[in-house]
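For ligands, and for the atoms within them, numbers begin at 1 and follow the listed sequence. Every value quoted in this text rests on a predicted model; they were computed, and no experiment measured them. Computed from heavy atoms alone, side chains included, the values below leave out hydrogens, waters and symmetry copies.
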Amino acid sequence: MKLKRAKAYKKLLHQYELNFGFREPYQVLVDWQILQDAYNFKIDLIARLEKILGGQVKPMITTCDMRHLYAAKPKNETLILQAKEYERRRCNHQDLDEPLSTLECLSSVVDPKDSKTNKHRYVVASNDISVRAHMRSVAGVPLIYITKSVVLMEPMANASEEQREREEKSKFKQGLKGQRKPDAGPKRKRNDEEEGQSIAGGATGDARPSKQKREKGPKGPNPLSVRKSTKEKSAPEASASKKANDAQPSTADATNTHDAEASGARKRKRKHKPKGDDTSAAIEDDGEVTAP
Ligand SMILES: [Zn+2]
C-alpha cells in the first residue's frame, strides 16, 4: 500500500472513530462478490482489510450471501470453506425460498429501520456497485471494494460527511455551553463574542478574554528578559570585580602578582637591586600587572 494512501486511510478511519464510534475489531460485512473477486485476483482479502483499516478485523457474511456462494456456478468449494470461518450474520431471510439480493440483504442488516444510520458500525466490503451506491446514502459506512486487483476504501460519502459536520457543530456548541455553565450567562456570552472578534481581527481592547491572554503573556517574554538582565548584570559585575582585583588582589591573583614579582625581580635585578625599597617595588608591580 502506498504511503500517501495509507495516511489518507488512517485519517479517514480516525474520522470514523471520532464521529461514528468505530472501534477495533472492525466488523466487516463482506459480500459474496468481493470474495469471488478477491479469489480471482488471488488477494488475501482479510489481510488487506486489516492493512487498510489499520487494526483487527472481524469478517462477517450474511446468511443470504452464504447461500449465494453455495448457489454459484461453478461452485467454489475453497471459497465456501473460507467464508464458513467468518462470523455468520443472521439476517432472518434464511426461511425464504431464495436468498435476497446482496443489496436487499445488506441494506436490511446495516440499516434495518431505514433511518440512514449504521447502527452496528459495520464496514461494508462489496464489489456490488448498487450496494455501495445505497450505502453511501447511509451515514457512517466505510466502503471497501476491489478494482484491478487493488483493494481500496472509498472516501467518506456525502451523507457521512454531512452527518460528521453536523455532529462536530453540535459538539462545538455543546462545548461552548459547557464553558458558559459555570459562569453567569449573559456576561459570558458577550465574552465569547469578543473572543470571536479577537480571533478574527487580532487582539484588541481590554475585554476579559484579553486579560486571560495577558496572564498567559508574561510566560513567553520572561525568559528573554531574564536572560537580558543577567547579561547586563553580569557585565558590570565582572568589570567591577576586575577593578576590585586591581585595587585589592584576591588570593588567586596574589599568585599571579607573585609570579610577576618574580619575573619583575629578575628584570629589576639587572637594572637595580632595591631589596629594601618596598614602595618602589609595589609601584613597579602594579605597572606590570596592569600592562598585560
Ligand atoms: Zn439476508
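Evaluation of the salt bridge (Lys or Arg N to Asp or Glu O under 4.0 Å) rule for Arg132 yields Glu154 as partners, not counting sequence neighbours. In this view, Phe22 and Tyr16 satisfy the ring-ring contact (aromatic ring centres under 6.0 Å, His included) rule, not counting sequence neighbours.
Checking each of Thr62, Asp65, Asp31 against Thr102 for a side chain to side chain donor-acceptor pair (under 3.5 Å) leaves exactly one that passes, namely Asp65.
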>> Using salt bridge (charged side-chain N to carboxylate O under 4.0 Å, His left out), reason through Lys169 and Glu165 one step at a time and then give a plain yes or no.
In response: CA-CA 6 Å; Lys169 273 181 189 170; Glu165 279 174 8; 5.6 Å; no
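Excluding waters, the set of protein N/O/S atoms under 2.8 Å from the Zn ion (ligand 1) reads Cys64 SG, Cys91 SG, His93 ND1, Cys105 SG.
The ring pair (Phe, Tyr, Trp, His ring centres under 6.0 Å) analysis of residues 33-81, with sequence neighbours excluded, yields the pairs Trp32-His68.
At least one donor-acceptor pair under 3.5 Å links the side chain of Asp111 to the backbone N or O of Lys116.
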